[in-house]
Undergrad: 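I have a structure here, written as structure tokens, and I will follow up with some questions on it.
Keep in mind it's a predicted model, so treat the numbers as computed, not measured.
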Amino acid sequence: MTDKVRVRFAPSPTGFLHIGSLRTALYNELLAKHTGGTFILRVEDTDQTRLVEGGIENIVHTMKAMDLEADEGIYLNDKGEVAERGEFGPYLQTKRKDKHTAYAKQLIEMDKAYYCFCSAERLEGLRREQQATGRPTMYDGKCRAVPREEAEKRIENGEKFVIRLKLPKQGTITAWDVIRDDITFDWALIDDQIIIKSDGLPTYHLAATCDDHDMEITHVIRGEDWLPSLPKHLFIFESFGWQAPKYAHLPLLLNADHSKLSKRQNDVAVEDYLKKGYLPQAILNFVALLGWNPTGDRELYSHEELIQMFDLAKVNKAGAVFNLEKLDWMNEHYLRSISEDEYLSLVYPYVKDVNDDHNFVDRALLLVRDRVTLPSQALELTASILKENVDYSSANIAWKTQPKEEAIERLEAVKSILSEISEQDFCKRNARAEHEQSIKKLITEKGWSNGDTLWPLRVALSGQDKSPSPFELLEVLGKKRSLARIDSAIRHLST
RNA sequence: GGCCCCUUCGUCUAUCGGUUAGGACAGCGGCUUUUCAAGCCGUUAAGAGGGGUUCGACUCCCCUAGGGGCUACCA
């Protein structure tokens with residue numbers, strides 16, 4: 001078989017791109033790109049009750065932000081409107097309703113499906129009774145006995161109906177999964193699944209299988225939660241005499257307590273992570289390695305490298321806990337590997353309101369770069385530098401048990417050498433090295449220690465027990481602010 | 001309850017019968033140091049349990065246990 005790979009990501013437009021769906025989409029895309037195949041985006045909107053306004057746009061937009069774009073199917077045009085491209089459309093499932101209806105009728109012709117007139121009440125009662133007696137809850141097949149002529153007459157008379165699959169009642173079916181190998185199911189335990197709802201629209205089972213066939217999908221990569229319905233899907237392919245695609249059921253993403261990843265315990269929308277400032281490449285890298293790792297001794301991969309190394313057969317079987325600590329670490333890594341300009345543009349929006357001096361703000365942001373995990377933290381990390389009046393109430397200006405008088409003496413001495421430096425030299429690029437040299441020279445000459453001089457100086461400049469070094473602060477603050485802060489600290493010590 | 005899937009350090013994972021069971025995050029310790037980070041170095045920590053198969057099992061098979069998913073006119 002040299003057929004080109006055709007894979008699809010088929011989300012429901014129920015609001016946002018789920019982080020688990022992101023991984024499913026990514027694995028689909030990786031397989032397509034790895035093999036030179038086609039990545040298709042189809043939207044499964046057959047549940048009219050769960051549609052969300054703008055849901056499709058949001059999903060496609062988020063995928064694009066994550067560097068995932070389909071080669072075929074749904075996309076957003078220049079105006080940001082939902083559009084589609086490709087030879088196998090439509091790619092919006094409800095637009096394929098006529099095809100689905102025709103396929104369902106064909107199944108009925110072939111005696112692989114039947115009309116069912118059972119009311120919701122009867123089904124509910126049946127289920128309750130089965131539960132009470134400890135039996136598996138499934139449809140009892142009552143309408144299998146309704147002759148087709150009678151069924152068609154009832155439909156003509158306007159009676160509500162659905163169409164169910166007429167599954168075998170005995171025997172087993174063995175399905176093959178790329179990740180899990182053979183899986184055997186007992187037909188007797190599988191429900192006659194509804195494939196056409198009373199609103200005339202198909203359920204997932206019919207729509208997805210028929211569309212996958214029509215779109216010539218070669219590999220279906222989806223979540224493990226679909227595994228139990230695989231026999232029904234294979235039954236449909238078999239009934240039509242179609243060749244089924246290869247199936248790969250991905251392990252689930254888990255909460256810390258190992259339950260299926262949920263809103264209650266985690267942020268599950270990709271846009272939530274984007275909003276917090278996680279970088280797309282960090283999210284992509286992190287999610288890719290949840291359930292798969294090409295080597296095991298390396299963690300950082302670009303999208304391109306993931307494509308090169310992807311191997312569907314090597315995907316794990318067990319679910320993976322979605323653990324933010326590693327994502328944080330990756331985000332820090334990527335935050336430090338991008339250019340200064342890129343870094344600043346990510347972080348600047350969070351602090352732009354604090355100080356009008358753009359240049360000053362940028363330099364402060366650069367100073368805390370090694371401390372930033374998420375761009376949103378930039379504000380608190382730079383606050384003590386950027387605000388004009390330093391508050392010393394929460395810090396000790398004197399070092400350890402150092403007497404106040406000594407701290408004042410050291411600050412006065414440092415101030416006097418700093419006063420000699422021109423405004424321009426004071427804050428020129430890399431002035432920090434010269435500040436360090438001259439202040440350390442002073443310390444040596446006087447026979448002082450680093451601690452009893454540098455601690456008071458640093459706290460004088462930052463107002464914080466914990467902060468960047470005094471030399472860096474001097475350079476970024478500039479002469480005027482630095483001297484003012486030293487004066488202010490001395491005053492604070494004197495009272 | 002029934003069916004299906006899964007099971008290596010706390011977490012993500014490597015290992016496709018022979019390894020001192022490797023890496024990463026987190027943790028811990030150290031170096032550096034005026035502080036906090038960063039960085040560098042080091043370190044703790046794992047094959048659920050029981051049977052087989054085999055010269056040899058984390059790896060193959062069976063059982064048990066535990067976890068998860070599904071059990072809708074939702075996907």
Side-chain angles (χ1 to χ4, degrees), chain A residues 10-14 44-47 49-50 93 116 118 120 123-124 127 130-131 133-138 160-164 175 177 179-180 183-186 188-191 193-205 207-208 222-231 249 251-252 254 256-260 286 289-300 313-314 316-330 332 336 368-372 381 395-396 399-400 443 449-459 462 464-471:
Chain A
S12 293
T14 52
E44 313 224 322
D45 59 342
T46 56
D47 185 356
T49 65
R50 300 210 312 172
Q93 212 157 46
C116 173
C118 292
L123 262 21
E124 180 55 33
R127 197 173 302 128
Q130 287 165 336
Q131 271 165 358
T133 54
R135 307 281 307 157
T137 53
M138 53 193 289
K160 280 265 184 193
F161 70 96
V162 300
I163 298 177
R164 286 180 185 273
D177 181 279
I179 297 169
R180 292 153 209 281
I183 306 161
T184 301
F185 300 85
D186 192 343
L189 271 1
I190 302 175
D191 212 356
Q193 189 69 49
I194 290 175
I195 53 172
I196 297 283
K197 298 177 280 184
S198 56
D199 67 0
L201 284 167
T203 57
Y204 174 88
H205 307 281
R222 62 189 359 176
E224 188 187 8
D225 34 0
W226 285 112
L227 203 47
S229 41
L230 181 54
H249 289 88
L252 261 22
L254 272 24
D257 68 359
H258 288 84
S259 57
K260 189 170 155 180
F286 175 66
L289 265 30
L290 250 26
W292 170 71
N293 191 305
T295 63
D297 57 7
R298 191 181 150 191
E299 314 295 323
L300 300 165
K314 279 191 73 178
N316 287 153
K317 296 177 176 74
V321 172
F322 189 81
N323 183 302
L324 275 323
E325 282 166 343
K326 200 159 187 170
L327 209 210
D328 283 344
W329 169 77
M330 279 190 185
E332 287 166 4
R336 278 156 213 166
V368 300
R369 187 171 179 178
D370 283 347
R371 293 149 203 267
V372 178
L381 287 168
N396 299 305
W399 190 43
K400 294 181 180 171
I443 291 169
S449 75
N450 282 338
D452 60 38
T453 307
L454 297 179
W455 175 279
L457 175 59
R458 190 178 54 72
V459 177
S462 68
Q464 309 282 316
D465 280 344
K466 303 167 182 177
S467 79
S469 85
F471 315 115

Undergrad: For U7(B), give the paired nucleotide (Watson-Crick: N1-N3 plus N6-O4 or O6-N4; G-U: N1-O2 and O6-N3; both under 3.5 Å), or none.
TA: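 Result: A65(B).
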Undergrad: Provide the distance between the two C1' atoms, one in U53(B) and one in U19(B), to the nearest whole Å.
TA: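 Their C1' atoms lie roughly 22 Å apart.
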Undergrad: List the atom of Met138(A), the atom of Gln130(A), and the distance in Å for their closest heavy-atom pair.
TA: O-NE2, 2.7 Å
Undergrad: Give a yes/no answer on whether the side chain of Arg135(A) brings an N or O atom under 4.0 Å of OP1 or OP2 in G1(B).
TA: no
Undergrad: Pick the nucleotide of RNA chain B nearest each of Ser259(A) and Asp45(A); which residue has the one closer to the 5' end?
TA: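 Upstream on the strand: Ser259(A).
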Undergrad: Would you indicate, yes or no, if C25(B) has its OP1 or OP2 atom less than 4.0 angstrom from a side-chain nitrogen or oxygen of Trp329(A)?
TA: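 For Trp329(A), the contact criterion (side-chain N or O under 4.0 Å from OP1 or OP2 of C25(B)) is met.
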Undergrad: Does Asn450(A) put a side-chain nitrogen or oxygen below 4.0 Å from OP1 or OP2 of U33(B)?
TA: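 No, because none of the side-chain N or O atoms of Asn450(A) sits under 4.0 Å from OP1 or OP2 of U33(B).
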Undergrad: Mapping Lys317(A) and Arg458(A) to their closest nucleotides on RNA chain B, which lands nearer the 5' end?
TA: Lys317(A)
Undergrad: Classify the ring geometry of Trp226(A) against Tyr204(A): parallel below 30°, tilted from 30° to 60°, perpendicular beyond 60°.
TA: parallel
Undergrad: U7(B) P sits how many Å from Leu254(A) CG, rounded?
TA: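 It works out to 13 Å between those atoms.
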Undergrad: Would you mind classifying the nucleic acid contact of Pro251(A) as base, sugar-phosphate or nothing, using non-hydrogen atoms under 4.0 angstrom?
TA: nothing
Undergrad: Between Thr46(A) and A75(B), is there a side-chain N or O to OP1/OP2 distance below 4.0 Å?
TA: yes
Undergrad: For A46(B), give the paired nucleotide (Watson-Crick: N1-N3 plus N6-O4 or O6-N4; G-U: N1-O2 and O6-N3; both under 3.5 Å), or none.
TA: none
Undergrad: Send over the distance from Leu230(A) CG to C3(B) C1', rounded to a whole Å.
TA: 14 Å
Undergrad: Under 4.0 Å, heavy atoms only, any strand: does Lys400(A) hit a base, just the sugar-phosphate, or nothing?
TA: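 The answer is nothing, as Lys400(A) stays clear of every strand by at least 4.0 Å.
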Undergrad: Can you check whether Lys400(A)'s main-chain N or O pairs, donor with acceptor, with Trp455(A)'s side chain at less than 3.5 Å?
TA: no
Undergrad: Tell me: CD of Glu332(A) to P of A26(B), nearest whole Å?
TA: 7 Å
Undergrad: Between Glu325(A) (CD) and U11(B) (C1'), how many Å, whole number?
TA: 8 Å
Undergrad: Pick base, sugar-phosphate or nothing for Arg369(A), based on heavy-atom distances below 4.0 Å to the nucleic acid.
TA: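 No contact.
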Undergrad: Of the listed nucleotides (A75(B), U15(B), C73(B)), which one gets closest to any side-chain atom of Lys314(A)?
TA: U15(B)
Undergrad: Looking across every strand, which nucleic acid part, if any, lies under 4.0 Å from Ser198(A) by heavy atom: base, sugar-phosphate, or nothing?
TA: base
Undergrad: Quick check: does any side chain N or O of Asp177(A) sit under 3.5 Å from a backbone N or O of Ile179(A), one acting as donor and the other as acceptor?
TA: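 Pair found, side chain donor or acceptor close to backbone of Ile179(A).
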Undergrad: Is the distance from OP1 or OP2 of A75(B) to the nearest side-chain N or O of Lys197(A) less than 4.0 Å?
TA: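 Indeed, a polar side-chain atom of Lys197(A) lies that close.
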Undergrad: Distance between the C1' atoms of C16(B) and U11(B), in whole angstroms?
TA: 24 Å
Undergrad: Can you check the Ile179(A) CD1 to C6(B) P distance for me, whole Å?
TA: 11 Å
Undergrad: Quick one: label Gly223(A) by what it contacts on the DNA or RNA (base, sugar-phosphate, nothing), any heavy atom closer than 4.0 Å.
TA: nothing
Undergrad: Does A72(B) have its OP1 or OP2 closer than 4.0 Å to a side-chain nitrogen or oxygen of Thr137(A)?
TA: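 Yes.
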Undergrad: Would you please confirm or rule out a distance under 4.0 Å between OP1 or OP2 of C70(B) and any side-chain N or O of Lys260(A)?
TA: yes
Undergrad: Could you tell me the Watson-Crick or G-U partner of G18(B), where both distances fall under 3.5 Å? Say none if there is no partner.
TA: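 When the pairing criteria are applied, C55(B) turns out to be the nucleotide that pairs with G18(B).
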Undergrad: Determine the Euclidean distance between corresponding C1' atoms of C28(B) and C4(B); express it in Å to zero decimal places.
TA: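 Approximately 42 Å lies between the C1' atom of C4(B) and that of C28(B).
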Undergrad: Among A72(B), C6(B), A37(B), which nucleotide sits nearest the side chain of Asp370(A)?
TA: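 Looking only at heavy atoms from C-beta outward on Asp370(A), the closest nucleotide is A37(B).
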Undergrad: Measuring from the side chain of Pro136(A) (C-beta onward, heavy atoms only), which nucleotide among G1(B), C73(B), A75(B) has the closest atom?
TA: G1(B)
Undergrad: Looking only at non-hydrogen atoms, find the nearest pair between Ala320(A) and Leu290(A) and report the distance.
TA: CB-CG, 4.1 Å
Undergrad: Could you check which of G2(B), A75(B), U13(B) has an atom nearest any side-chain atom of Asn316(A)?
TA: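 My answer, after comparing the listed nucleotides, is U13(B).
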Undergrad: Any base atoms under 4.0 Å from Phe286(A), or only sugar-phosphate, or nothing? Heavy atoms, all strands.
TA: nothing
Undergrad: What is the distance, to the nearest angstrom, from the CG atom on Asp328(A) to the P atom on U11(B)?
TA: 18 Å
Undergrad: Categorize Asn323(A) for me: base, sugar-phosphate, or nothing, with a 4.0 angstrom heavy-atom threshold over every strand shown.
TA: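 The answer is sugar-phosphate, as Asn323(A) gets under 4.0 Å only of primed atoms, P, OP1 or OP2.
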Undergrad: For C70(B), give its Watson-Crick or G-U wobble partner with both distances under 3.5 Å, or none.
TA: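 With both distances under 3.5 Å, C70(B) matches G2(B).
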Undergrad: Look at the side chain of Ile183(A) and decide which nucleotide, out of C5(B), A75(B), G67(B), has an atom nearest to it.
TA: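 Nearest listed nucleotide: C5(B).
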Undergrad: Is the backbone of Thr14(A) close enough, under 3.5 Å, to the side chain of Ser12(A) for a donor and an acceptor to pair up by distance?
TA: no
Undergrad: Would you indicate what Thr49(A) reaches in the nucleic acid, counting non-hydrogen atoms under 4.0 angstrom: base, sugar-phosphate, or nothing?
TA: nothing
Undergrad: At under 4.0 Å, does any side-chain N or O of Lys466(A) touch on OP1 or OP2 of A38(B)?
TA: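 Negative; the distance criterion is not met.
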Undergrad: Verify, without hydrogens or angle tests, whether Arg458(A) (side chain) and Phe471(A) (backbone) share a donor-acceptor contact under 3.5 angstrom.
TA: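 Between the backbone of Phe471(A) and the side chain of Arg458(A) there is no qualifying donor-acceptor contact (under 3.5 Å).
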Undergrad: Need the pair for C40(B). Rule: Watson-Crick or G-U wobble, both distances under 3.5 Å, any strand; none if unpaired.
TA: G30(B)
Undergrad: Could you measure between the two P atoms, the one in A26(B) and the one in A38(B), and give it in whole Å?
TA: 8 Å
Undergrad: Nearest whole Å is fine: how far is U34(B) P from Asp452(A) CG?
TA: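 Answer to the nearest Å: 11 Å.
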Undergrad: Contact class for Ser467(A) vs. all strands (heavy atom < 4.0 Å): base, sugar-phosphate, or nothing?
TA: base
Undergrad: Is the base of C12(B) touched by the side chain of Lys326(A) through a donor-acceptor pair closer than 3.5 angstrom?
TA: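 Indeed, a donor on one side and an acceptor on the other fall under 3.5 Å apart.
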Undergrad: So which atom in Ala318(A) and which in Pro251(A) form the shortest heavy-atom distance, rounded to 0.1 Å?
TA: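 For Ala318(A) and Pro251(A), the tightest heavy-atom pair comes out as O-CB, 3.2 Å.
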Undergrad: Using the C1' atom on both, measure A37(B) against C58(B) and round to a whole Å.
TA: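 Going atom to atom, C1' in each nucleotide, I get 40 Å.
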Undergrad: How far does OG1 of Thr203(A) sit from CD1 of Ile163(A), to the nearest 0.5 angstrom?
TA: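 Output value for this atom pair is 10.5 Å.
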Undergrad: Heavy atoms from C-beta onward define the side chain here; which of C5(B), C3(B), U34(B) lies closest to that of Glu224(A)?
TA: C5(B)
Undergrad: Mark yes or no for a side-chain to base donor-acceptor pair under 3.5 Å between Glu299(A) and G23(B), with no hydrogen or angle criteria applied.
TA: yes
Undergrad: A57(B) and G47(B): how far apart are their C1' atoms, nearest whole angstrom?
TA: 11 Å
Undergrad: Inspect the surroundings of CZ in Arg135(A) and state if more than 12 heavy atoms from other residues, nucleotides or ligands are less than 6.0 Å away.
TA: no
Undergrad: Have a look at Gly296(A) and say if it touches a base, only the backbone sugar-phosphate, or nothing, with a 4.0 Å heavy-atom cut-off.
TA: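 It contacts base atoms.
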Undergrad: Can you check the distance between A21(B) and U44(B), where both ends of the measurement are the P atom (answer in whole Å)?
TA: 14 Å
Undergrad: Heavy atoms under 4.0 Å, any strand shown: does Val321(A) hit a base, just sugar-phosphate, or nothing?
TA: sugar-phosphate
Undergrad: For Trp226(A) and A72(B), give me the distance from atom CH2 to atom C1', rounded to whole Å.
TA: 11 Å
Undergrad: If I pick the C1' atom on C12(B) and the same atom on C55(B), what distance separates them, to the nearest angstrom?
TA: 36 Å
